[in-house]
Amino acid sequence: MKWRSARRTATNAVMTGLCAGAVIIAVVPLLSVLWLVVSRGLRSMSLSFFTSLPAPVGEVGGGVGNAIVGTLYMVGLACVFGLPLGVGAGVYLAERGDGRLGQAVRFTAEVLAGVPSIVIGVVAYGIIVVRMHHFSAIAGACALAILMVPTLARTTEEMIRLVPSTLREAGLALGVPPWKVSLRVVLRTALGGLLTAALLAVARAAGETAPLLFTALNNQYWSFRPDQPMASLTVQIYNYAISPYEDWHDKAWGAALCLLLLIGTLSIVARLLHRERKGS
Amino acid sequence: MRPRRTTGARLGDRAFGALLRVLGSSVLVVVGTILFVCWRLARPAFTKLDVFGFITGSNWDPVQESFGAWPFIYGTLVTALVAIAIAAPVSIGIALFVTEMAPAGVRRITTFLVEILAAIPSVVYGLWGLMVLIPILQTKVEPFLGGVLGFLPLFKGPPMGFGYLAAGLLLSIMILPTITSVIIEVMRTMPALLREGALALGATRWEAIRMVILPYARRGILGGVILGLARALGETMAVTMVIGNQPEVHASLFAAGYTLPAVIANEFSEATSDVHVGALAGLALVLFAVTFTLSAGARLLVRMSQKPLGARS
């Protein structure tokens, strides 16, 4: 009998160890990526890295200034269309989304979040690049906006549903029409959460590469025009990384560090906002 | 008698409701747009090519306008399968660790780390794969595997670092957070009395997991794995940076290959003829259809696994 119970305990210990091992298998590559991005990226860091244009091979210096601007520009432009549609869809789902249409929208939003971003790039190409007969920043922004909408809708809905129903009921009990309750009571309370959802969507859009490859293409110069190709951090990392030049590989790590700093800051701010709300 | 609401407020309700309905429908419009635009782009190709030859042919030659997509389909499937084979058990292990085994502090740290794994952009994973994973594979792992298991066709051939194995490994790291978070979500909705009942009857923690928790979460785990599969099928940048981009079919995992998203990424910006663009758009349509169906099926599975206790299917 004792033997059997010892075996069961041993099995339990082995399995616990295996599960802990699984965690380590996941954590080791993560730490490796972060460590290398920071250590190799810092080597390329300098003020001029943030502010100058890419230099030709072999020339010292040069940076990703135009790529940083390009990423911010295109993500910002994407927000102009993506935020209202995405947040609006989320508000719809939370406030009036319990019927058949709401279920269809919710299901579609969930499933769309799993569609490869490259397919969205093809769509943006078909909508804009084909019409304009050349690549442009607005095509890239269009792809990013389409990408934003489904995830934004779901996260926005979750954030709004966090608002206690007692607030809504109190408003209705006082005779406020339902639409005013939705707008001025529920949404106002959920504003912080909506900001969190928006920041997270922006962070995700900033990290996209594939849809930009044949919409915004890339640009080696400063560009602020929506109808011309535009550089982006992600595409620049890709171009530097697949090149055969060692100094460009270093720049790839530097650009990757920039990108992670950007995304990290957005995500941290988003989480801090969220925590503040839940605490209050 | 019910007091009548003023016309203004009723109008406000209807207007607000209509506005919200329009905004909500934008999601449905997105799906329709994807299908319509891809179809319109793909049409020039499919008036000239036949679908069967497209899917089974192995010769992808844009200059000659011969488009056989089988190498890409094969590469996509192989890398995704390798990724799932590694990521599925690891994800289950992590999920079990987080929900059942870890103390509160460790649980928070682990969840946080898994979230960070999910937030790293694909191109950064590709960069790491190119600079770190491939040298390790080429100098240590692949020679080892070739030495020990070289009799299997899976591990034959010279170790180059690039190839299906590199892409599969990188993909497995990237889909881990997807699968793990779904499984954790499913396990969290499990009624505590299931676990407590098993433990009360004298089961060890592992026995409670094996006999009660895992069977309960079975559908959700499958759903999570399918979701990870969908993600692996569509992943573009990291794969194209480490797979070698050769439109060929080989049995060995050490060989270089190509995937559907990778060929679209590499060729689309330079595709000049309508047929070429159309063929690539056709590939995009295939990708969309497959990932959409898989994701839909997975979501349904996860939802079914969260049925309340007592409901029999």
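Numbers restart at 1 for each chain; the letters A, B, ... are given by sequence-line order, proteins then strands. Just so you know, these numbers use all the heavy atoms, side chains as well, and skip hydrogens, waters and symmetry mates. Given the structure is predicted, the values throughout are model-derived calculations rather than measurements.
- Options A:Gly86, A:Ala13, A:Ala241 differ in how many heavy-atom pairs under 4.5 Å they form with chain B, and the most are formed by A:Ala241.
- The candidate with the highest count of non-hydrogen atom pairs below 4.5 Å against chain B, out of A:Pro150, A:Ala26, A:Ala256, A:Gly121, is A:Ala26.
- Your options are B:Val277, B:Ile92, B:Thr204, and the one with the most heavy-atom pairs under 4.5 Å with chain A is B:Thr204.
- Counting only distance, with no hydrogens or angles, the side chain of A:Ser232 and the backbone of A:Thr71 share no donor-acceptor pair below 3.5 Å.
- Only the side chain of A:Leu259 comes within less than 4.5 Å of a heavy atom in chain B; its backbone stays farther off.
- Ranked by heavy-atom pairs under 4.5 Å with chain A, the list B:Thr291, B:Val90, B:Val123 is led by B:Val123.
- No other option in B:Phe16, B:Phe268, B:Phe288 has as many heavy-atom pairs under 4.5 Å with chain A as B:Phe268.
- Aromatic ring centres of A:Phe135 and A:Phe214 lie farther apart than the 6.0 Å criterion allows.
- Inter-residue side-chain proximity for A:Cys258 and A:Leu261 is flagged as unmet; no heavy-atom pair is nearer than 4.5 Å.
- Ion pairing between a basic and an acidic side chain is recognised when a charged N comes within 4.0 Å of a carboxylate O; A:Lys251 and A:Glu246 show no such pairing.
- Both the backbone and the side chain of B:Leu113 come within less than 4.5 Å of a heavy atom of chain A.
- In terms of heavy-atom pairs under 4.5 angstrom with chain A, the leader among B:Val132, B:Thr240, B:Ile264, B:Leu96 is B:Ile264.
- A:Arg106 does not touch chain B: none of its heavy atoms, backbone or side chain, sits under 4.5 Å away.
- Formation of a donor-acceptor pair under 3.5 Å by the A:Ser136 side chain with backbone atoms of A:Pro229 is not found in this model.
- Looking at A:Glu208, there are no atoms closer than 4.5 Å to chain B (heavy atoms on both sides), in backbone or side chain.
- For B:Arg210, no part lies near chain A; criterion is any non-hydrogen pair under 4.5 Å.
- Side-chain contact between A:Glu95 and A:Glu157: absent, with no pair of heavy atoms (C-beta onward) separated by less than 4.5 Å.
- Rounding to the nearest 0.5 angstrom, the gap separating the OG1 atom in A:Thr265 from the CD1 atom in A:Ile263 is 9.5 Å.
- Here CG of B:Leu133 is found 12.5 Å from OH of B:Tyr125. Values are rounded to the nearest 0.5 Å.
- In terms of heavy-atom pairs under 4.5 angstrom with chain A, the leader among B:Val124, B:Leu176, B:Ile34 is B:Ile34.
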**OP:** Mind running side-chain hydrogen bond (donor to acceptor under 3.5 Å, both in side chains) on A:Ser32 and B:Trp128 for me, showing each step along the way?
**Re:** CA-CA 9 Å; A:Ser32 171; B:Trp128 178 83; 2.8 Å; yes
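- Annotation: maximal heavy-atom pairing with chain B below 4.5 Å, among A:Val27, A:Leu34, A:Leu112, A:Val14, occurs at A:Leu112.
- The main-chain N or O of A:Trp179 is found under 3.5 Å from a side-chain atom of B:Asp13 such that the two form a donor-acceptor pair.
- Contact tally against chain A (heavy-atom pairs below 4.5 Å) for B:Arg231, B:Glu235, B:Glu270, B:Met241: the top residue is B:Met241.
- Contact of A:Leu213 with chain B is made through backbone and side chain together, with heavy-atom distances under 4.5 Å.
- In terms of modelled atom types and a separation under 3.5 Å, the side chain of A:Asn12 and the main chain of A:Arg8 share no donor-acceptor contact.
- With a threshold of 4.5 angstrom between heavy atoms, A:Ser267 does not approach chain B through any atom at all.
- Heavy-atom distances place the side chain of A:Val130, and not its backbone, under 4.5 Å from chain B.
- With a threshold of 4.5 angstrom between heavy atoms, A:Val37 approaches chain B through side-chain atoms but not through N, CA, C or O.
- Proximity to chain B is limited to the side chain of A:Leu101, based on heavy atoms less than 4.5 angstrom apart.
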**OP:** Determine, step by step, whether B:Leu127 and A:His249 satisfy the side-chain contact (heavy atoms from CB on, under 4.5 Å) criterion, reporting the C-alpha distance in whole Å, the side-chain angles of both residues, the deciding distance to 0.1 Å, and the verdict.
**Re:** CA-CA 9 Å; B:Leu127 174 65; A:His249 292 170; over 6 Å; no
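- Residue A:Pro84 touches chain B through its backbone alone, counting heavy-atom pairs closer than 4.5 Å.
- Remark: B:Glu100 does not engage B:Arg107 in a salt bridge, criterion side-chain N to carboxylate O under 4.0 Å.
- Among the candidates A:Leu85, A:Ile237, A:Val33, the residue making the largest number of heavy-atom pairs closer than 4.5 Å to chain B is A:Val33.
- If you measure heavy-atom distances from A:Ile24 to chain B, you find no contacts under 4.5 Å at all.
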